[in-house]
Amino acid sequence: MVSSLRFAAFICSAVSFAAAISPGFPYGSKSVRGVNLGGWLVLEPWITPSLFDNTGNTNIVDEWTFGQLQDRATAEANLKNHWNTWITEADFADIAAAGLNHVRLPIGYWAFDVEPGEPYISGQLPYLEKAVQWAGNHGLCLIVDLHGAPGSQNGFDNSGHRIAFPGWHSNATNVARTNAIIKTIANMFKDSSSVVPIIAPLNEPAGFDGDAVLDVVKQYWQDSYGSIRFPDGSSSQSNTVVLIHDAFQPLPYWGGFQTPPNFQGVAMDTHIYQMFSDEKISFSGSQHIQAACAYSSTLNNFDLWLIVGEWTPAMTDCAKYLNGRGIGARYDGSYPGSSRVGSCTGLTGSASTFSSSYKTFLRQAWEAQVITFESFATGWIQWTWKAENADEWSYQAGLANGWIPQDPTDHKYPDICQN
Ligand SMILES: *[C@@H]1O[C@H](CO)[C@@H](O)[C@H](O)[C@H]1NC(C)=O
């Protein structure tokens, strides 16, 4: 405990390096260990299904339709209540007490800029400001993560707007609006890099749609670098790190991109899930563990700080609405075109329904990933801190039910990747 207290005092206060940037956390020499604050300032139906079910309207499937398809005053009141209760300072205290050093906080563009015709409800900024204050109070580093851009960068419900084809990259106005928001965020936090050491300019742009997206993304990363590292058009560098996302490309695609010495303070975010493909969903438990360990070879030796900014010990897509409200799961064959692996009963929902062997598996899946991501990358940020009714995804539930240790360095299966 003594050493972890000394560690807590050390993190997120400026650390001197010979390099041109002094980040608020010693990236590369200490492991990033964190959780995402998912489903708070950007709604996700699977994280808070009750907010969606309570509307009584099955066409409300994301934050866009939440603002569009119900009484405005009701929507605003329910959102406000959610912002006030889903995450509070007590969560930051619990996260710090669990030995973590980072939180990543998703926020949508509509917190900053809503244009006519966009049904989004804004009002999230005071909560972002509170979150930064709470992070500071508890010695946590906070990553501001722009999770939804105008037009949607990926069409996922977690971008705010679930649509068939993303509309961000193909519209220069959308990209320009996003650049302006990044400048605003960079200026908000340029003097608080000891608490906000990182800004992530865009979550999960849809690189799987090809070069039309990737070309825009690369230019956007260049523009974001300028905005974040040289805030306010200044010629002196900030201490804020830019966390770009791999856009679902294999890491070698980004080899040499924004690397030193020409670029300082860039980190790469990669997301690792094992349930969104027909192949992986059918893995046995031991195949999932092996796959987790095998990420060592894809992560190893990348030329930027590499953070696994989303991952989970959950290995099914059984959580209600995980693939979208009204859409089923690959695992039980209720997802269109999927073939059934087995029943979801006992694999999602409340931990009180989980068998002890399932909880042991979650612990092993957790440790295999933590060990791999600490050994072969700069660290990890689990998705997500809490979920209403999907304990297999919840860091909080993992702590309460024993598949996540109270101290993240306390491993029961330290050799799990050595078999
Ligand atoms: C581009 O996006 C803006 C909103 O950011 C919208 O007003 C405009 O109509 C879009 N342009 C096209 C051609 O779709």
Side-chain angles (χ1 to χ4, degrees), residues 38-45 59-72 75-76 79 83 105-128 144-189 199-228 230-233 242-248 269 324-325:
W40 185 32
L41 304 184
V42 176
L43 296 186
E44 298 201 26
N59 293 319
I60 296 180
V61 298
D62 54 22
E63 198 156 334
W64 177 284
T65 48
F66 193 89
Q68 182 182 39
L69 300 179
Q70 63 178 321
D71 173 68
R72 189 84 181 170
E76 282 181 7
L79 260 186
W83 294 334
L105 178 51
I107 192 162
Y109 82 87
W110 55 95
F112 301 88
D113 162 22
V114 183
E115 299 288 319
E118 297 176 348
Y120 284 121
I121 294 164
S122 57
Q124 296 86 350
L125 283 190
Y127 297 90
L128 171 62
V144 180
D145 155 44
L146 189 71
H147 219 73
S152 177
Q153 75 278 18
N154 53 32
F156 302 160
D157 60 7
N158 56 59
S159 73
H161 200 180
R162 180 174 132 191
I163 48 178
F165 198 76
W168 173 73
H169 64 280
S170 55
N171 179 324
T173 306
N174 287 337
V175 178
R177 289 173 67 193
T178 318
N179 276 312
I181 289 164
I182 294 305
K183 284 193 199 320
T184 300
I185 296 173
N187 288 330
M188 279 174 81
F189 300 114
I199 294 169
L202 190 58
N203 179 63
E204 295 190 347
F208 44 77
D209 284 328
D211 283 343
V213 174
L214 287 166
D215 291 347
V216 176
V217 168
K218 280 183 258 184
Q219 182 59 49
Y220 177 73
W221 293 157
Q222 302 288 19
D223 294 340
S224 297
Y225 183 87
S227 302
I228 294 168
F230 300 89
D232 241 347
V242 187
L243 182 62
I244 61 177
H245 182 266
D246 66 15
F248 303 100
D269 181 12
R325 187 175 184 205

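Just so you know, ligand 1 is whichever comes first in the structure, and atom 1 is the first atom listed for that ligand. Worth knowing before you read on, the calculation uses all heavy atoms, side chains too, and leaves out hydrogens, waters and symmetry mates.
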*Asks:* Anything with a heavy atom under 4.0 Å from ligand 1 counts, so go ahead and list those protein residues by chain and number.
*Replies:* Asn171, Thr173, Asn174, Arg177

*Asks:* Parallel, tilted or perpendicular: which describes the rings of Trp168 and Tyr220, with under 30° parallel and over 60° perpendicular?
*Replies:* perpendicular

*Asks:* Which residues pass the salt bridge (Lys or Arg N to Asp or Glu O under 4.0 Å) test with Asp145, sequence neighbours left out?
*Replies:* Arg104

*Asks:* Phe248 vs Phe156 aromatic rings, parallel, tilted or perpendicular, using cut-offs 30° and 60°?
*Replies:* perpendicular

*Asks:* Restricting to pairs with a member in residues 107-116, which pass side chain to side chain donor-acceptor pair (under 3.5 Å), not counting sequence neighbours?
*Replies:* Glu63-Trp110, Tyr109-Glu118, Asp113-Arg177

*Asks:* Measuring from Asn187:CG to Ile228:CD1, what's the distance to the nearest 0.5 Å?
*Replies:* 10.5 Å

*Asks:* Output all residues satisfying side chain to side chain donor-acceptor pair (under 3.5 Å) with Asp223, sequence neighbours left out; order by chain, then residue number.
*Replies:* Gln219

